[in-house]
Amino acid sequence: MELKIENVTKTFQKTPAVTHLNYTMENGVYGLLGLNGAGKTTLMRMLCTLLKPTEGRILCNGADIFRMGADYRKLLGYLPQDFGFYPDFTVKDYLMYIASIKGVHKAVAKKRVGELLVRVGLTKAENKKMRKLSGGMKRRAGIAQAMINHPEILILDEPTSGLDPNERIRFRNLISELAQDRLVLLSTHIVSDVESIANEILLMKEGELVHAGSPEKIIADIPDKVWKLSLGREEAVSCARQYKTANARSTPSGMELRILSAEKPHPEAVEEMPGLEDVFLSYFGEKAGEDDAVL
Amino acid sequence: MYFYLILERKRGKTMLYYEWKKILVKKGTKMALLVLAAVLAATCYFAIHDVYYVDDNGEHVYGLPAISRLREMKKEWSGPLTEEVIEKVIAENRRINDTKEGRADDVQSSNIAYGWKLGFHDIYYLLMRSFCKFREADYYKPNSLMPEDARYFYGNRVRSLQEWLEEPEQEYRFDDEERAWLIGRYEAVETPFYYDYADGWKQLFAFASTVIMLMMLVLAFVCASIFSGEFQQKADAVFFSSCHGRGKAVAAKLGAAFLFVTVVYFVTVLLYSVIVLGILGADGADLPIQTNHVSWKSLYSLTNFQQYLLIVFGGYIGTLFFSLLTMLVSARTKSAVLAVIVPFFILFLPSFVGGADMFWVDKVLALMPDRLLDMKQCISYFYLYRVGGRIAGSLHILPGLYSLLSVLLFPVIYAVYRRMQVK
């Protein structure tokens, strides 16, 4: 399976959301990282044929996905960021309905729904109305619908947003299990969601792909160095204002800072090994993670 | 190949089943159906309660207790409505008027006299229509008739039309060919009429448009959210990214909506008909519609049963057309609110535009889809049109025109919805 994005641009009333994007994906897990508004959802919606690119094309094994139409969508599983459903349907009815519009035959769908309910841990809730599910359960129902047709391409847009840390870990493990022998594109603005499961990381900023590669490569290519230093409170606050600060922790003697800077920020600073979160901060600046209280 | 086709058909049925279920499980649908049930119950009550007779003390008796007595009284006059019968009616009317009760000024005595007339009161109304001018309705006119006037009863119908057509203001409304056509239609109605008790049909027709119009609004309300619902519930992304999301799933939505409108319409109409005719009686199905004074002036040679079929099928085409139009707006705008405004707008448009009292405006309005919801009104229209060089009334045009438009709306909605982009 090869999904090739060729010079894709999408503009909404002259405002570019994605600009001249080129990338090729094969089987494996791809983590799409970027701040809110970076163009991740627009890119994913184009990959799901929900939006047509203003320029460029997307090829699946060499064929234009918009020309392939239903033949392409047959290969697709998609969990949107704002996962909507039919509130008065039971979980089972919802999945059976999605199976039918995904072209899964009824007898096969029944079996598949049963399997997926076990896999996502919703067996006991199968006769519950969708509107009565908790946030985590809804997301699990969402992943079940995305998987119902055994998709070769699985696109998950912010699948962990709104989940508590436990649900998030559970979800990450589930995605990891499902990722075998298929192409999984997972967008998030939470680094820990993709850190351990992605084969490749794509960094998107203001509609452009600013960097891509394996997590190791991305970390190795970080433009800043990572520094750790302990300072008195006042000096620490002043230092944190001057540099990109990945972490600030209070200690009995003041504060311990984790700073990103090309230069040594303070004579007492000690260089540390960078992580993916540092990369994220390096590329996306102080706004990184602002929308997520867990980080 | 054969196996594939069977599989595809089954898949289509499954989608249709779930689309149907999607409509039914919505709270809005349940509420709408409850409203419809209440409307139906209220309309049946009024249709039945509206029937009355006046007892020997001059008291009005309404509803169920009145039905059998009224039926008995009217049955005494059933038979061909010949000159002799008309003479008898005029004579009997005069006899009652000359009684102490008929001449009395007090309400109770007048009511007693009126009660004696109830058996032939439908014929009394026909006399009023026959002996008044074309656009007049003087309720007391039959009281001035003599038995020998009976011979003019049927002739007056054609003559009053001729006189009306000769009025100066009709000059620009009808050309000679149209005048001749109208008179020909009048002459084609077979006489003498047969008279019988037909209050079941009369009441059924009187309230049919209320039931159909309110049902159309209820169905439009439900249909308004069928297509926009995917967007409102944010289920659009999964729907359109699915294999059949831009094809068979859209067709299944349309199919479910069509089925829903059809089933609800015919079940409601059937219930309404069975209740009203079951209680008031279905006698008089074969009577010409002109035996009901409301349709005395109608151009069309129809029986009550034929008129019933016209009302039911016209109403169905109208309801289907409005529902499809609502769905088109819903599919295009993604808004149920905008969509549900459309039928209200079309329904109330004639009230605003029609106030102009211009013949050509009224002629255009007579072809609006809301007229299908009240076919009985169309049966009384005198608006003529040229279709392929032939003269036709709105009754000839409306069902065909809106059937065609409805058929065309299906592929239009399908094409509009399958191309939707999800932003």
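Order of the sequence lines sets the chain letters (A, B, ...), proteins ahead of strands, with each chain counted from 1. Note that this is a predicted model, so its numbers are computed, not measured.
In this structure, CD1 in A:Ile155 is found 12.5 Å from OH in A:Tyr30, a value given to the nearest 0.5 Å.
A salt bridge does not link A:Arg182 to A:Glu152: none of the charged nitrogens lies less than 4.0 Å from a carboxylate oxygen. B:Lys22 and B:Glu230 are joined by a salt bridge, as a carboxylate oxygen and a charged side-chain nitrogen come within less than 4.0 angstrom of each other.
Of residues 1-28 of chain A, those residues lying under 4.5 Å from chain B by any heavy-atom pair are A:Lys10, A:Phe12. Among the residues in residues 75-100 of chain A, those with a non-hydrogen atom closer than 4.5 angstrom to a non-hydrogen atom of chain B are A:Leu76, A:Tyr78, A:Pro80, A:Asp82, A:Phe83, A:Gly84, A:Phe85, A:Tyr86, A:Pro87, A:Asp88, A:Phe89, A:Asp93, A:Tyr94, A:Met96, A:Tyr97, A:Ile98, A:Ser100. Interface residues of residues 139-150 of chain A toward chain B, defined by a heavy-atom distance below 4.5 Å and sorted by number: A:Gln145.
Taking a 6.0 Å sphere around OH of B:Tyr265, one finds it holds more than 12 heavy atoms contributed by other residues, nucleotides or ligands. Within 6.0 Å of the CD atom in A:Glu115, the count of heavy atoms belonging to other residues, nucleotides or ligands exceeds 12. Counting heavy atoms of neighbouring residues, nucleotides and ligands inside a 6.0 Å radius, atom CZ of A:Arg131 exceeds 12 of them. Applying the 6.0 Å contact sphere to NZ of B:Lys30 captures more than 12 heavy atoms from other residues, nucleotides or ligands. For B:Phe266, the CZ atom counts as densely surrounded, since its 6.0 Å shell holds more than 12 non-hydrogen atoms of other residues, nucleotides or ligands.
In this structure A:Arg67 satisfies the salt bridge (Lys or Arg N to Asp or Glu O under 4.0 Å) test with no other residue, sequence neighbours excluded.
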Step-by-step side chain to side chain contact (heavy atoms under 4.5 Å, CB included) determination, B:Val261 to B:Thr319: CA-CA 8 Å; B:Val261 170; B:Thr319 305; 4.2 Å; yes

Evaluation steps, ring-ring contact (aromatic ring centres under 6.0 Å, His included), between A:Phe66 and A:Tyr72: CA-CA 8 Å; A:Phe66 288 93; A:Tyr72 170 72; 8.0 Å; no

Derivation and outcome, ring-ring contact (aromatic ring centres under 6.0 Å, His included), residues B:Phe207 and B:Phe46: CA-CA 8 Å; B:Phe207 290 87; B:Phe46 289 124; 7.0 Å; no

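Each of A:Lys106, A:Arg45, A:Lys129 has some count of heavy-atom pairs under 4.5 Å with chain B, and the biggest count is that of A:Arg45. In terms of non-hydrogen atom pairs under 4.5 Å with chain B, the most contact-rich of A:Ala70, A:Gly103, A:Pro151, A:Ala109 is A:Gly103.
For the pair B:Tyr417 (side chain) and B:Phe227 (backbone), a donor-acceptor distance under 3.5 Å is present. A donor-acceptor contact shorter than 3.5 Å is absent between the side chain of B:Arg246 and the backbone of B:Phe239.
Looking at B:Tyr17, neither its backbone nor its side chain comes within 4.5 Å of chain A, counting heavy atoms on both sides.
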